[in-house]
Every structure is written in C-alpha cells, then in structure tokens.
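To find a chain, count down the sequence lines: A is the first, B the second, and so on, and within it residues start at 1. Not measured: the values here are computed from a predicted model.
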Protein chains: 2
Amino acid sequence: MFFTKSFGYAVRGILYVALMSDEKRKVQIEEIAERLSVPKHFLGKIMNKVVKQKILDSTKGPYGGFSVNNSTLSVPLLKVMEVTEGLEQFSMCALGLKKCDPEHPCPVHYKMEGLRSDLRKALAEDTINDLMIGNKPELIRNISAT
Amino acid sequence: MFFTKSFGYAVRGILYVALMSDEKRKVQIEEIAERLSVPKHFLGKIMNKVVKQKILDSTKGPYGGFSVNNSTLSVPLLKVMEVTEGLEQFSMCALGLKKCDPEHPCPVHYKMEGLRSDLRKALAEDTINDLMIGNKPELIRNISAT
DNA sequence: TTTAAAAAAGACATTGAAGTCATTTATAAT
DNA sequence: ATTATAAATGACTTCAATGTCTTTTTTAAA
Ligand code: FES
Ligand code: FES
C-alpha cells in the first residue's frame, strides 16, 4: 500500500468514532481497538496525535473517550496523513535522490511528479465525511479487518 | 517516495551500466557504488538479484563486471520493482485491511485502486531505454545523489 | 598452475516503524 | 475527598529494510 499502518489505523479510528459517537456517547480506545482488530496501545498513541491536532476530541476519566468535534467531518485525508506520517513523501525523489526538483530531475521525475500530485489531490479532496456515505453497519464492516 | 531504496538503487544501477558499458567494457560494482554514492555491498546484493532475473549480465574475475544483455533496454520498471520489492503493493488495501477487492471495499478502495493502476501502468510502460533519452553526462549527473 | 580480480554469499549491525507493557494524569460519580 | 475509569506518557521489545564486514567462488592473465 502507499501508506504506513499508522495512517490506516488513524483513518479507521477516526471513522469509527465518527460513525459511533451519535449522541452524547463517547467511544473508548478499548472498543475501537477491538472492533477494528488493531493493537490497543499503539492505536492509543495515534489517536493521541489525532486529538492534539484537533481532529477529534477526547476526555479522560469515567464516561470519557473520543468524540467528534465541529471540524472532524471536514478534515481531509491529507491532514490525517500529515499527522501520522508527514507529507515528505510528496517531495521525495522516487529513486531516492537527495534533491527532487525540475533543476535536478531524475529520469522518472516528471512522470512521478504527476502521479504524486494526483494522489495528493485525491487525499486533499477526500474528507472524513466523504468516507461516510452508505449505511453504517456496512461501513463498520468495511473498516474491520476480519 | 512510493518505493523502497532497493528499487531506486536497482534502477540507477542498471541505468548506469546501460549508459557506461558502451563497447566491450564491463562495469564494476565499485565504480557504480562510487559514482552513484550508494553503499557498495548492499548494491551488490541488489545487482545480484537483477542478474539472476536476466536484466543484466555479470562475470566474475579480472575484467569482469556487469554488462547489458539483449533484453536489458526493454525491461520495464515494473519488472525492476518486482525483482526488488515485489508487486504486493498493488493488491494491498491502502488502509491496511486484510482483503482488498470489490467484495470488501474499504472507504477509499475505488479511488486508491484507480491511482494504483495508474502507477502500475506507468511502470509497465516505461522501460530502461525510455529513461536513457538525453545526453549521457547529464543523465549520469541526474542519477548521482550529490 | 598460480595469482589477482571481481562477483556472490553469509554473518552480523543499525535503524525506524510497529507493537507491548507499566505508570501517570485527569475527571466524573459517589 | 475518595474512588474508579479512561486517556496520556514513557520505557521497552520486535521486525523488516537497510547497511557493513568477511569469506567464498569464479575467472582471466601470466
Ligand atoms: S528527482 Fe526523482 S522523482 Fe523528482
Ligand atoms: S479495500 Fe482498501 S484499498 Fe481496496
């Protein structure tokens, strides 16, 4: 795949919270990790970053957990990528060379630049909300690892 | 970048040999590693795989080294990727889910499938020869890490 | 046939992503 | 105030990609 596991965990975790935290209920890391078959503590660290970047809210203590805020649904996947693995990918040479720019184009530079920008555009356009079309149970099934 | 370092080393190594082994001269790993600023022994292992897959020829001993064969120039980059890091990327879920198919599409499946197939197509179309247009010294500069 | 050169092979070391575990901090209910 | 709950934090382990070093194998020249 193009991304780190952290990115996948983050997207699925955010999505799960967005799908489940209907009313006042908050969603605990325990539940997310179980339903998504994801390592609990590792997911915890990733969700922590997500909260620090205001993509989700969290509260400690009893009846605490993760919940959406007023920006959650409009967060683009590119933002999630930025939080989890950074955006260096998009400015790195596909062949691993130090510089990647039109001044020092490796033999695949122009082609790769096009593909990278396609991917980046797709991630910038797609928001959490865009991933939530469809019926809830099916969506949840489709983000669970089985 | 989308690829492993191994892939980049392989492409650059093959390209260097294709550019330098004009006449009867063979190119040694020592020279390749130096010119491309790549770890010698690691490159050696990668070149070894490349030779095993008949992308290049090699001979041991004095006056030995790596040389192009009659298929080298028509090898697509996809083949180089297959040799170095495999093609699993193209059938893996972008979110890390076990299955990746239209039966179990994650929320980014269709978009990612499109992007992946664009990349795959680009790599399948582009051959070593396609990367060799232009003047030799500049090409060599452009695959050196500096 | 001996020697030197070069690739091939194998045994380790390093590194960063991923994962585990224990402790600390914050908070809601009583 | 105390307690229980849940996130946050930090120390550690694991694993695969990468990188280093040494030894082995092959081959051409003399
Ligand atoms: S220089 Fe290689 S992709 Fe830009
Ligand atoms: S199922 Fe996720 S990319 Fe195909």
Protein-nucleotide distance (A:Y9, atom OH; C:dA17, atom C1'), rounded to Å:
11 Å

Could you tell me whether A:K136 atom NZ has more than 12 heavy atoms of other residues or ligands within 6.0 Å of it?
yes

Side chain to side chain contact (heavy atoms under 4.5 Å, CB included) between A:L123 and B:M112: does it pass, once the steps are laid out?
CA-CA 10 Å; A:L123 293 174; B:M112 283 305 141; 3.9 Å; yes

For atom CG of A:L56 and atom P of D:dA6, their distance in whole Å
17 Å

How close or far is atom P of C:dA9 from atom CD1 of B:I29, stated in whole angstroms?
13 Å

Do other residues, nucleotides or ligands put more than 12 heavy atoms under 6.0 Å from the OH atom of B:Y63?
no

Verify, without hydrogens or angle tests, whether A:E85 (side chain) and A:T4 (backbone) share a donor-acceptor contact under 3.5 angstrom.
yes

Whole-Å gap separating P (C:dT20) and NZ (A:K5)
10 Å

When we call it a touch if two heavy atoms are under 4.0 Å apart, what does A:K52 touch: a base, just sugar-phosphate, or nothing?
sugar-phosphate

Which residues share a ring-ring contact (aromatic ring centres under 6.0 Å, His included) with B:F42, sequence neighbours left out
B:Y9

B:K49 NZ to C:dA7 P: how many Å, rounded?
18 Å

Does any part of the side chain of B:T84, heavy atoms only, come nearer than 4.5 Å to the side chain of B:F3, both counted from C-beta?
no

Between the side chains of A:T59 and A:K26, does any donor sit under 3.5 Å from an acceptor?
yes

What is the distance, to the nearest angstrom, from the CG atom on B:N48 to the P atom on D:dT23?
20 Å

Base-contact (B) and sugar-phosphate-only (S) positions in nucleotides 21-30 of chain C, heavy-atom cut-off under 4.0 Å, - elsewhere
BB--BBBBS-

Does C:dA8 have OP1 or OP2 under 4.0 Å away from a side-chain N or O of B:S58?
yes

Distance col, row A:D57:CG vs A:S71:OG, nearest 0.5 angstrom, shows 8.0 Å

For A:S21, run the side chain to side chain contact (heavy atoms under 4.5 Å, CB included) check against A:V27, A:T72, A:L56 and tell me which one passes.
A:V27

In whole angstroms, the gap separating C1' of D:dT5 from CD of A:E30 amounts to 12 Å

Whole Å only: how far is the NZ atom of B:K26 from the C1' atom of C:dA5?
13 Å

When B:G44 and A:F7 are each assigned the nearest nucleotide of DNA chain C, the 5'-most assignment goes to B:G44

Contact check, residues 71-87 of chain B vs DNA chain C, heavy-atom distance under 4.0 Å, returns none

